[in-house]
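Since the structure comes first, as structure tokens, the remarks are kept for the end.
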2 protein chains.
Amino acid sequence: MHMNQDTKGNKDMGQFLYFFSKEVTDGSAGMKAELGGKGANLAEMSSLGVPVPPGFTLSTGLCKSFYANSEILAESVKSEIKTGIENIGKNVGKSFNDANNPLLVSVRSGAPVSMPGMMDTILNLGLNDVTVVGLAEKSGNPRFAYDSYRRFIQMYANVVMGLNHSMLEVYMEDLKSDRGYKSDTEITVDELKSLIERYKAEVVQATGKRFPEDPWDQLWGAIEAVFKSWNNSRAITYRELNGINADIGTAVNVQAMVFGNLGDTSATGVAFTRDPSNGNKIFYGEYLQNAQGEDVVAGIRTPQPIRKVEEKSGQTSLESLMPSAYGELESIYKKLESHYKDMQDLEFTIEDGRLWMLQTRNGKRTAKAALKIALDMLEEGLIDEKEVVRRIDPASLDQLLHPTLDPKAQKTLVAKGLPASPGGVCGKVVFSSEEAVLLKAKGEKTILVRPETSPEDIEGMVAAEGVLTTRGGMTSHAAVVARGMGKCCIAGCEQLSVDLKKEELRSDGFVISKHEFITLDGSTGEVFLGEVPTKEPELGGDFDKVMAIADKYRRMGVRTNADNPKDSQTARRFGAEGIGLCRTEHMFFGGERIDAVREMILSEDRGERRDALAKLLPYQKEDFVGIFKEMSGFPVTIRLLDPPLHEFLPHTDAEIADLAKKINIDEKKLHQRVDNLKEFNPMLGHRGCRLGITYPEIYEMQVKAIGEAASEVVSDGDKVDVEIMIPLIATAGELKRLRRLSEATIEPYQETCGEGLAVKIGTMIELPRAALTADEVAEYADFFSFGTNDLTQTTLGLSRDDSSRFLSTYVADGLFDWDPFVSIDRKGVGKLVSIGVELGRSQKPGLKVGVCGEHGGDPSSIEFLESIGMDYVSCSPYRVPIARLAAARASLDSQAK
Amino acid sequence: MHMNQDTKGNKDMGQFLYFFSKEVTDGSAGMKAELGGKGANLAEMSSLGVPVPPGFTLSTGLCKSFYANSEILAESVKSEIKTGIENIGKNVGKSFNDANNPLLVSVRSGAPVSMPGMMDTILNLGLNDVTVVGLAEKSGNPRFAYDSYRRFIQMYANVVMGLNHSMLEVYMEDLKSDRGYKSDTEITVDELKSLIERYKAEVVQATGKRFPEDPWDQLWGAIEAVFKSWNNSRAITYRELNGINADIGTAVNVQAMVFGNLGDTSATGVAFTRDPSNGNKIFYGEYLQNAQGEDVVAGIRTPQPIRKVEEKSGQTSLESLMPSAYGELESIYKKLESHYKDMQDLEFTIEDGRLWMLQTRNGKRTAKAALKIALDMLEEGLIDEKEVVRRIDPASLDQLLHPTLDPKAQKTLVAKGLPASPGGVCGKVVFSSEEAVLLKAKGEKTILVRPETSPEDIEGMVAAEGVLTTRGGMTSHAAVVARGMGKCCIAGCEQLSVDLKKEELRSDGFVISKHEFITLDGSTGEVFLGEVPTKEPELGGDFDKVMAIADKYRRMGVRTNADNPKDSQTARRFGAEGIGLCRTEHMFFGGERIDAVREMILSEDRGERRDALAKLLPYQKEDFVGIFKEMSGFPVTIRLLDPPLHEFLPHTDAEIADLAKKINIDEKKLHQRVDNLKEFNPMLGHRGCRLGITYPEIYEMQVKAIGEAASEVVSDGDKVDVEIMIPLIATAGELKRLRRLSEATIEPYQETCGEGLAVKIGTMIELPRAALTADEVAEYADFFSFGTNDLTQTTLGLSRDDSSRFLSTYVADGLFDWDPFVSIDRKGVGKLVSIGVELGRSQKPGLKVGVCGEHGGDPSSIEFLESIGMDYVSCSPYRVPIARLAAARASLDSQAK
């Protein structure tokens with residue numbers, strides 16, 4: 001028992017029953033703490049004069065008293081509840097236990113925060129052997145009445161009396177199989193009656209108690225069950241996992257039942273106040289005459305349109321059929337939309353000509369509709385610009401930026417992996433980069449399938465339409481690189497296995513051979529057989545308008561991670577204000593470059609190494625020229641070489657033999673060198689600035705290439721704003737030394753270029769030590785860029801390449817609130833980032849700080865980064881719009897605080 | 001120029017010349033900042049009335065003025081220095097430029113901190129074509145006089161006038177080869193005279209200036225050269241690397257030369273006030289009649305004993321030869337020892353019957369001597385107990401705890417690696433664990449040689465005398481495990497290469513085959529050919545007495561890292577107060593255990609896994625029983641399984657085939673499982689508590705084994721104090737869950753054992769995130785043990801297995817102050833530990849915190865850990881005494897602050 005014991009009994013309680021009806025409503029939307037979310041919204045609608053079936057909410061305060069009072073409802077409480085029920089009855093002209101016109105109610109839990117795991121709903125409370133007859137007559141549908149009764153008993157016996165769900169269900173299954181029925185609806189009224197008897201007998205058998213016939217007894221049982229469900233083990237676990245305070249308690253909602261299936265003057269339906277698929281300002285909905293709510297959803301009968309203009313031949317709209325109820329519905333939807341200032345998703349029931357609203361909530365919509373609705377409402381004066389920014393979920397923009405699978409197409413699901421990079425693509429399965437390149441040259445589309453990709457696969461990834469890996473997580477090599485390219489990728493699809501020898505992709509029940517077609521949905525992680533049709537993205541005026549509004553309210557800059565002119569161009573198109581991370585190692589692969597790189601690595605001495613590097617310089621220069629031109633004048637942060645050298649060497653015996661022949665070196669010697677460079681934990685090995693310290697000539701060449709590229713671009717009349725970034729700094733001394741090297745190397749070019757070339761030298765903060773000593777590091781840094789990918793790996797001791805095996809369990813079990821490679825771990829990694837920013841600025845006030853990890857494109861992380869005063873975020877080109885919007889929202893949120 | 005510009009010229013300077021002589025001494029030992037270390041000590045000796053050749057020190061203040069005055073000595077300064085020289089002359093009855101009895105001086109630099117890289121010494125300044133004649137006559141040794149002159153010119157031309165050293169030396173080499181001389185001493189006086197002329201001509205040739213004949217010019221040049229050497233590039237580099245402030249400047253010492261080779265009434269010698277090899281309280285030293293200081297060291301003539309009692313046949317002691325000078329020496333050594341309160345290392349010269357002390361300093365000594373001297377001085381009332389503790393270098397105790405190589409033995413050095421674990425051992429080279437075990441069984445001694453060891457080599461490491469690896473650093477697997485066992489180990493010996501196929505060990509010039517003998521010196525990292533004789537360690541009363549004194553002043557507890565009863569016993573003998581880290585995975589290797597472990601890993605489901613674990617339980621229990629008994633009543637911290645499971649599986653095709661057959665499993669399937677478990681970065685992979693989360697049954701079995709072992713030991717009447725430690729916690733939630741599991745599992749045993757069994761449950765803090773969220777983690781922890789090995793790896797992003805390639809460069813270049821795996825990195829790792837302690841205790845005041853990384857046995861780290869309030873350290877058994885002493889010193893130091 002986690003309840004406070006400070007409320008003894010109910011004697012000194014204040015109000016605990018809050019009535020809602022057209023006439024009298026005690027609560028409002030602002031009282032969620034007392035009434036729970038559901039209760040507060042029912043009260044709000046009632047206050048607005050919207051017809052809601054009347055009822056009352058028992059407060060969370062009563063829940064606390066209930067626990068303080070040994071989990072018993074006090075008589076004084078019961079007496080007040082009785083009055084409440086009588087008031088409901090008066091309101092609807094029915095009463096409890098009335099044989100002709102019985103009052104039936106629903107009993108629902110409703111905590112201040114959404115709490116799956118608690119008791120949810122009991123419907124049709126008030127039915128017994130007497131009132132069921134009245135309901136049958138009143139509805140003219142005995143089958144409905146007895147089936148409702150059966151369901152009520154089954155539900156009540158389970159959630160209130162504790163019977164296992166299957167204990168009663170088995171009788172119905174037996175009956176169906178005895179009779180050869182396929183559907184529940186084939187069961188006759190008489191059969192239902194005898195089922196009900198069996199149920200009741202079983203209840204006695206199992207619990208030693210009779211099923212309560214008295215509606216009051218039913219009610220006390222249901223209310224107590226809701227309160228008790230607050231402390232059942234599932235609810236406790238859920239609260240623990242989600243950090244919900246156990247003391248807040250739950251409310252109980254008791255509400256009159258209404259029926260849309262009481263004859264031809266009854267109906268039920270759903271509606272949206274605007275079109276949820278495109279946002280057009282039309283009232284849109286469907287209904288069924290003489291039906292229950294679930295019939296509309298179940299699709300047994302075809303629903304009819306609500307509005308007359310939508311009638312097709314043979315259809316009857318609600319507007320035509322019940323013009324008065326329709327008129328009322330129309331005025332209600334307008335009232336609700338302008339009250340909630342958002343598109344509403346409505347449920348309604350018409351009982352015997354009378355309209356009842358059962359629910360209103362903000363309606364789900366596509367990203368396209370979200371943009372249009374927000375802009376329309378801005379124009380209508382319903383909301384202001386800030387609200388437009390708040391109204392659109394940044395993550396939803398992803399839908400607009402990539403081709404998607406046609407939702408209406410037939411699909412055969414093969415397996416599901418991690419949705420690593422969105423988009424819908426199809427192509428022929430290939431198992432090697434070479435083949436992807438080969439087929440691309442022939443104009444064919446491919447999907448590159450690998451257990452995991454490595455830097456050697458870059459060309460193949462460029463050539464393929466999409467990438468599918470069976471290992472690795474959301475931030476594995478494949479995922480990160482593909483996202484950077486805006487290329488569709490499904491990673492860690494462990495249901496599949498790759499047989500590289502036989503060139504087959506296998507899963508339970510499927511064997512897919514080389515060159516067979518598959519389709520990937522990178523937004524869901526689903527792999528489909530064959531070619532599924534796709535739809536191209538439509539970016540329109542609404543998108544640009546919303547982005548322009550967002551930019552007005554954004555404080556943080558948004559840059560992109562791009563390693564080549566093409567990505568730079570894409571990112572600029574999406575509004576990137578520069579490059580926050582240009583990884584130079586990606587430029588080292590491909591054709592003749594990789595040979596020179598390998599020559600450099602295998603050099604025996606500094607002289608040989610310099611010769612090999614001299615061959616690389618023109619390539620690097622060429623890349624930088626292209627990027628500088630695309631980014632004309634915007635800052636470009638270039639990270640000097642980062643990965644361990646062995647990543648550039650071949651690994652298999654055959655590849656080593658090939659290379660030895662190609663570069664004319666002894667095969668054994670090459671083998672030995674490859675072996676020597678192997679590392680147990682490459683992530684923590686000889687990489688980053690450690691390469692620059694041991695082989696200064698590598699960094700020297702890279703800085704020279706930057707200088708030469710800048711000179712060329714500047715002499716063409718353009719401006720260059722370059723930021724040289726030293727990776728993996730652990731100590732200030734490393735940066736001091738490499739800063740000196742970089743300064744000395746770039747100086748001559750600065751003299752030539754004059755004001756056309758601006759140079760800053762800074763560092764990535766991606767090791768805990770760098771963050772913890774950021775004051776010392778800042779002395780030699782013009783800027784910090786937090787590499788939160790690596791910082792997450794080291795702070796949590798978690799390899800992103802290896803953790804996929806247990807990370808999903810960790811997230812599912814609540815050991816992590818979320819995947820820390822997707823959204824920044826605020827308490828650990830975030831704390832270090834915040835320490836780093838603070839210490840850095842203590843040494844150098846106004847130090848420019850940014851983030852260039854995957855988190856730079858994640859809305860939740862962006863919210864955090866805004867709160868600690870980050871200057872900019874950098875993300876892959878296709879996430880730039882998301883980051884712009886998220887940064888604007890974060891800025892507004894932080895102003896609101 | 002780094003000097004402050006705040007002192008303009010010399011006008012407003014205070015005192016800058018500090019004279020020292022028997023009669024007048026301006027300075028003292030406390031004035032190191034003004035006089036430098038050397039000057040302050042010369043002044044101190046003079047003050048004590050000890051005869052020191054008179055002289056003066058020019059202050060560091062003058063150095064600052066010198067730089068402020070455009071690097072020129074002001075005339076006023078020169079004038080004061082002239083007076084100083086005249087005073088020296090009066091004091092010794094000689095004068096500058098005196099043709100019959102010339103004053104010669106030495107000029108030496110001397111900064112407040114030791115500063116290699118600066119100009120050191122110029123001797124015999126004052127010699128010229130005139131005075132050299134006088135010196136020749138006075139000494140009766142023209143060869144000595146002219147050779148001194150030649151050396152003076154050579155030295156002066158080099159350090160003052162900037163000639164390359166070899167420019168003059170070449171003339172002497174030519175002369176020797178012309179004449180066919182083998183030694184410098186064969187050169188005649190006339191040849192020396194013509195060499196001197198050649199030298200002077202070359203000086204004119206090279207510099208355009210004549211070599212200064214005037215002693216005053218010589219002096220100004222020398223003094224300016226010393227001051228200028230403060231800012232030469234080597235000195236600047238040294239200061240930067242060692243963080244020495246450039247503003248402190250250097251002093252200059254000018255001192256009269258004295259000569260022990262002016263005839264039979266002259267002599268020179270060295271002495272120790274006590275025996276430096278065993279600490280016995282005897283005055284001990286050697287001298288040579290009519291000789292220079294360097295002759296004693298050079299060993300051209302055999303030195304004679306100082307004291308009469310040490311005379312052997314044919315020897316004449318100083319006591320016999322010059323009783324008066326000896327008597328004075330005796331009273332001086334006593335005075336110096338009681339003044340400095342420590343054993344002194346003396347240098348003296350007798351010039352024409354007159355005793356001069358040239359140096360006194362605290363004498364180097366063996367660890368054995370250090371213990372005896374400290375205890376004797378305690379008894380003599382010279383020092384107190386605290387000083388005894390301060391006096392002994394904890395690291396030196398290592399000498400006493402391991403067998404060492406006989407220092408007198410002939411040795412052939414093969415290669416040098418890292419001194420990973422001390423001791424001197426020899427044995428036959430073997431290349432596999434199996435062979436080590438096999439030969440051990442035959443009673444033969446072996447050295448296990450591997451590229452790197454893995455957990456599978458444990459049995460071989462146990463069987464071998466010592467371990468030699470060609471890869472890995474000071475905290476590689478081999479190093480850590482060997483240190484834990486107190487076994488000699490040389491790691492990362494990269495000059496050697498292992499050819500496992502040919503079973504050969506190769507280096508430049510050596511090929512050592514299997515079963516040849518080699519000898520390892522684990523204290524120096526040297527590998528020798530053949531069998532070098534060794535000496536057994538002698539632990540005596542002095543050792544125990546010093547330890548008992550240290551324990552009086554120690555605040556922190558000292559525990560040991562031990563995984564078996566034998567190590568536990570050793571550690572208890574060395575004074576360990578419990579086990580701080582018992583690694584359970586080491587128990588998983590060997591014979592049938594490893595088979596059961598592999599069965600467990602390869603299980604298809606939880607049921608199979610439980611069956612395999614049930615087979616392991618008795619082994620684990622047995623180990624724990626043995627350890628609990630050895631540690632009777634002392635706390636035993638047991639870490640649950642930590643390494644990734646793939647460490648227990650075979651890796652080569654042949655081994656996999658073997659295992660498949662053995663445990664009757666499909667070979668392909670086994671291959672696949674092994675492949676599936678492979679990790680890119682195992683250090684950051686599926687290990688530690690992550691295993692306990694995904695396979696709770698493993699931890700459950702281990703806790704059960706603890707419970708059963710405790711029950712058995714308690715029922716025998718003993719007490720058990722066990723601390724269950726969960727490794728690699730990143731979030732409080734992990735600990736919460738595994739604490740619950742452990743509690744539930746151990747509870748029944750606690751009930752049975754009653755007060756005989758105390759159980760605590762805590763965690764290792766070895767990830768940055770755990771330290772940063774230690775307040776949350778502490779909620780579920782009875783104790784913290786900081787795993788500073790792993791914390792160093794993650795905080796610095798530095799794999800200990802891979803970093804050996806560049807770590808030595810980093811330390812040599814000053815990028816790290818020291819190897820962070822040996823001594824804790826205070827600014828990074830230390831800061832995190834300190835944050836962890838603080839946050840942990842903020843949640844749980846008085847939370848017990850300890851350290852169980854390698855740093856727990858390192859004196860410098862222990863000093864830091866004392867300062868942040870650590871409760872205990874834990875280290876390998878052979879480092880326990882070192883830790884006890886270091887902890888006592890740290891405690892005294894922190895009280896002194």
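Every heavy atom of this structure was used, including side-chain atoms; hydrogens, water molecules and symmetry mates were not. Fair warning: this is a prediction, and the values are worked out from it, not measured in the lab. Within every chain, numbering begins at 1; the chains are lettered A, B, ... in the order of the sequence lines, protein sequences first and strands thereafter.
Heavy atoms only, all atoms of each residue included: A:Glu697 and A:Arg606 are closest at OE1-NE, 3.2 Å. When all heavy atoms of A:Tyr780 and A:Arg739 are compared, the closest pair comes out as O-NH1, 2.8 Å. Scanning all heavy atoms of the two residues, the minimum distance from A:Leu791 to A:Ile765 falls at CD2-O, 4.4 Å. Counting all heavy atoms, side chain and backbone alike, B:Gly797 lies closest to A:Leu767 at CA-CD2, 3.6 Å. Among all heavy-atom pairs drawn from B:Thr470 and B:Glu494, the shortest one is O-CG, 3.5 Å. Across every non-hydrogen atom of B:Pro696 and B:Leu741, the tightest pair is O-CD2, 3.8 Å.
Your options are B:Asp790, B:Val829, B:Asn681, and the one with the most heavy-atom pairs under 4.5 Å with chain A is B:Asn681. Contact count versus chain A (heavy atoms, under 4.5 Å) is highest, among B:Leu772, B:Ile835, B:Leu832, for B:Leu772. The most heavy-atom pairs under 4.5 Å with chain B, out of A:Lys831, A:Gln793, A:Arg690, come from A:Arg690. Interface check for chain B: of the options A:Pro682, A:Pro451, A:Ser497, the most heavy-atom pairs under 4.5 Å are formed by A:Pro682. Considering only heavy-atom pairs separated by less than 4.5 Å from chain B, the leading option among A:Thr731, A:Thr694, A:Leu798, A:Thr773 is A:Leu798. Each of B:Ala730, B:Pro768, B:Gly828 has some count of heavy-atom pairs under 4.5 Å with chain A, and the biggest count is that of B:Pro768. Interface check for chain A: of the options B:Glu452, B:Lys678, B:Lys827, the most heavy-atom pairs under 4.5 Å are formed by B:Lys827. Comparing B:Asp802, B:Leu728, B:Asp825 by how many heavy-atom pairs each has under 4.5 Å with chain A, the most go to B:Asp802.
Contact of B:Asn676 with chain A is made through the backbone alone, with heavy-atom distances under 4.5 Å. If you measure heavy-atom distances from B:Glu766 to chain A, you find no contacts under 4.5 Å at all. Looking at A:Leu807, there are no atoms closer than 4.5 Å to chain B (heavy atoms on both sides), in backbone or side chain. Residue B:Asp675 touches chain A through its backbone alone, counting heavy-atom pairs closer than 4.5 Å. Heavy-atom distances place the side chain of A:Arg471, and not its backbone, under 4.5 Å from chain B. Residue B:Ile693 touches chain A through its side chain alone, counting heavy-atom pairs closer than 4.5 Å. Within the 4.5 angstrom heavy-atom criterion, only side-chain atoms of B:Lys736, from C-beta onward, approach chain A.
Of the N and O atoms on the side chains of A:Glu679 and A:His686, not one donor lies less than 3.5 Å from an acceptor on the other residue.
Judged purely by atom type and a 3.5 angstrom limit, B:His651 has no side-chain atom pairing as donor or acceptor with the backbone of B:Val674.
Note: A:Leu796 CG to B:Arg769 CZ = 5.5 Å, rounded to the nearest 0.5 Å. Here the straight-line distance linking atom CG of A:Asp457 with atom OG1 of A:Thr469 works out to 10.5 Å at 0.5 Å rounding.
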